[in-house]
Amino acid sequence: MPSATAPLLSVVIPVYNESAGLHTLFNRVVPILQGITADWEIICVNDGSRDDTLTQLKACRHIEPRIKILSLSRNFGKEAALTAGLHHAHGRAVIPMDADLQDPPELIPEMVRQWQAGYKVVLATRRSRQGDGWFKRGSAWLYYKLMGSLLTIDLPQNTGDFRLMDQQVVAVLRLLPERTRFMKGLFAWVGFSTTRLFFDREARAVGTAKQSLRALWTLAKDGIFSFTTLPLRLTTYLGVIISTVAFAYAGWLLLRTVIQGVDVPGYASLMAAILCMGGIQLISLGIIGEYLGRIYREAKQRPLYVIEESAGI
Ligand code: UDP
Ligand code: MG
């Protein structure tokens with residue numbers, strides 16, 4: 001919990017196989033923080049890296065003890081790593097950031113100014129995504145549009161995890177117990193007075209993207225299924241519409257049989273109806289399954305991450 005010794009700024013960085021870029025990262029971030037205050041900490045969460053990230057982090061910490069390390073026992077994924085960092089960040093303002101310098105640290109002084117002016121949350125919104133390919137740009141655009149129309153919370157467009165949050169906001173985030181961590185959604189859920197800054201998203205400084213397409217797909221699904229029950233309601237509506245049509249059609253068939261006698265042909269329409277209904281039923285089951293799976297995961301109450309070792313925390 002925040003205390004009198006709490007630093008002014010905590011920067012939280014999840015790192016996974018980023019050893020090649022760590023020095024570039026600190027060389028750019030540390031002078032910027034130093035320019036604002038001497039009272040800062042950087043919490044690096046090593047998310048079970050397979051390369052020598054942890055050794056590199058320790059070497060950096062040796063030179064600069066305000067770099068603190070939290071090392072997870074295996075790869076838990078970015079959302080869990082970020083959560084671990086937020087749980088241990090006690091700064092009066094907390095800034096989550098990616099290790100690949102796609103989020104420009106040069107924005108931090110302005111974030112701090114806005115925070116000191118009274119905002120509890122300062123968002124950093126991407127004006128452009130030069131660093132990302134057309135597929136990622138297109139899918140991100142479509143996703144934010146879809147989420148905007150599905151969710152009751154206001155998910156800011158083109159805004160990742162890079163932001164500044166007051167300790168009050170972080171304290172609320174720590175209280176949220178859910179296992180399914182869609183951080184962008186949780187950030188938006190907590191609310192608080194918010195302002196935003198704009199920046200151009202650069203390409204990765206070194207290395208390749210660490211989040212697989214599969215991880216991003218899971219994240220996209222999490223965003224929808226853990227923040228809205230609309231898909232469940234849609235299946236009900238679809239069921240009502242189809243039943244109405246089916247009843248009307250059945251009535252008409254009955255009437256025709258009574259008036260015109262038995263009429264056997266109709267294989268095509270029968271097949272079409274069976275296949276169509278089967279498909280819709282399977283999709284509905286799948287949707288229920290998504291929610292059931294989430295309830296199952298929550299009910300198990302497993303910890304979100306396991307810390308193997310830490311330094312400075
Ligand atoms: N990351 C992590 N665990 C993972 C994958 C990624 O902690 O399993 C970190 C990674 O080191 C980086 C951040 O999350 O600091 C964002 O990763 P990446 O650049 O791959 O994501 P993208 O920019 O594609 O969203
Ligand atoms: Mg990146």
Side-chain angles (χ1 to χ4, degrees), residues 10-26 28-29 42-57 60 67-89 94-105 107 124-126 128-144 147 155-163 180-185 187 199-223 304-308 310:
S10 296
V11 175
V12 177
I13 311 180
V15 284
Y16 177 57
N17 296 348
E18 302 278 8
S19 88
L22 283 179
H23 283 282
T24 331
L25 172 71
F26 293 134
R28 212 161 125 191
V29 177
I42 297 179
I43 299 181
C44 291
V45 186
N46 172 35
D47 187 16
S49 298
R50 282 167 225 277
D51 63 1
D52 65 339
T53 296
L54 186 58
T55 324
Q56 295 282 346
L57 280 175
C60 294
I67 295 174
K68 300 173 179 179
I69 308 168
L70 210 58
S71 190
L72 306 186
S73 60
R74 63 168 171 86
N75 180 245
F76 281 88
K78 185 189 166 184
E79 310 292 302
L82 188 55
T83 306
L86 291 180
H87 281 170
H88 294 84
V94 178
I95 305 171
M97 212 176 95
D98 282 0
D100 56 8
L101 287 168
Q102 279 194 293
D103 307 323
L107 224 55
T125 298
R126 300 183 270 261
S128 67
R129 281 173 162 259
Q130 280 138 351
D132 294 325
W134 66 269
F135 179 74
K136 192 151 183 178
R137 281 205 305 263
S139 53
W141 178 84
L142 195 70
Y143 184 65
Y144 280 109
M147 294 292 275
L155 202 69
Q157 283 263 331
N158 290 324
T159 305
D161 298 327
F162 187 40
R163 60 189 63 211
T180 314
R181 306 299 285 193
F182 179 64
M183 293 309 283
K184 284 186 247 305
F187 286 155
F199 73 97
D200 295 310
R201 185 139 165 108
E202 297 162 39
R204 246 179 177 275
V206 247
T208 50
K210 301 296 182 292
Q211 299 214 86
S212 60
L213 210 56
R214 199 169 133 219
L216 290 177
W217 168 245
T218 309
L219 190 66
K221 268 198 317 157
D222 279 350
L304 272 165
Y305 53 86
V306 177
I307 296 172
E308 187 171 340
S310 67

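All ligand and atom numbering here is 1-based and tracks the order in the structure. These numbers were taken from a predicted model, which means no experiment stands behind them. These numbers come from the heavy atoms of this one structure, side chains and all, not from hydrogens, waters or symmetry mates. Residue numbers count from 1 along this sequence.
In the vicinity of Tyr16, heavy-atom distances shorter than 4.0 Å reach the ligand 1 atoms 1 (N), 2 (C), 3 (N), 4 (C), 5 (C), 7 (O), 8 (O), 11 (O). Atoms of ligand 1 found under 4.0 Å from any heavy atom of Ala99, numbered from 1 in the order shown, are 12 (C), 15 (O). For ligand 1, the atoms closer than 4.0 angstrom to any heavy atom of Asp100 are 19 (O), 23 (O). Within ligand 1, counting atoms from 1 as listed, the ones closer than 4.0 Å to a heavy atom of Glu18 are 10 (C), 11 (O), 12 (C), 15 (O). Annotation for ligand 1: atoms under 4.0 Å from non-hydrogen atoms of Gly77 are 3 (N), 8 (O). Shown in contact with Asn75 at under 4.0 Å from a heavy atom are these atoms of ligand 1, numbered in order with element: 3 (N), 4 (C), 8 (O).
Without hydrogens or angle criteria, Asn75 side chain to Asp47 main chain gives a donor-acceptor distance under 3.5 Å. Remark: side-chain polar atoms of Ser71 are not paired, donor with acceptor, to backbone N or O of Glu308 under 3.5 angstrom. Side chain of Ser49 to backbone of Asn17: a donor-acceptor contact under 3.5 angstrom is found. Listed for the Asp103 side chain is a donor-acceptor partner under 3.5 Å among the backbone atoms of Asp98.
Summarising the geometry of Leu25 relative to Ala99, their closest heavy-atom pair is CD1-O, 3.7 Å, with the distance given to 0.1 Å.
Contacts of Asp47 with ligand 1, taken as heavy-atom pairs under 4.0 Å, involve the side chain alone.
The side-chain heavy atoms of His87 and Leu70, taken from C-beta on, include no pair separated by under 4.5 Å.
Considering backbone and side-chain N/O of Ala81, none are found under 3.5 Å from N/O of ligand 1.
Asp100 has its closest N, O or S atom to the Mg ion (ligand 2) at the position named OD2.
Using cut-offs of 30° and 60° for the angle between ring planes, the His88 and Tyr305 rings count as perpendicular.
The residue among Gly21, Gly160, Pro14 with a heavy atom at the shortest distance from atom 9 (C) of ligand 1 is Pro14.
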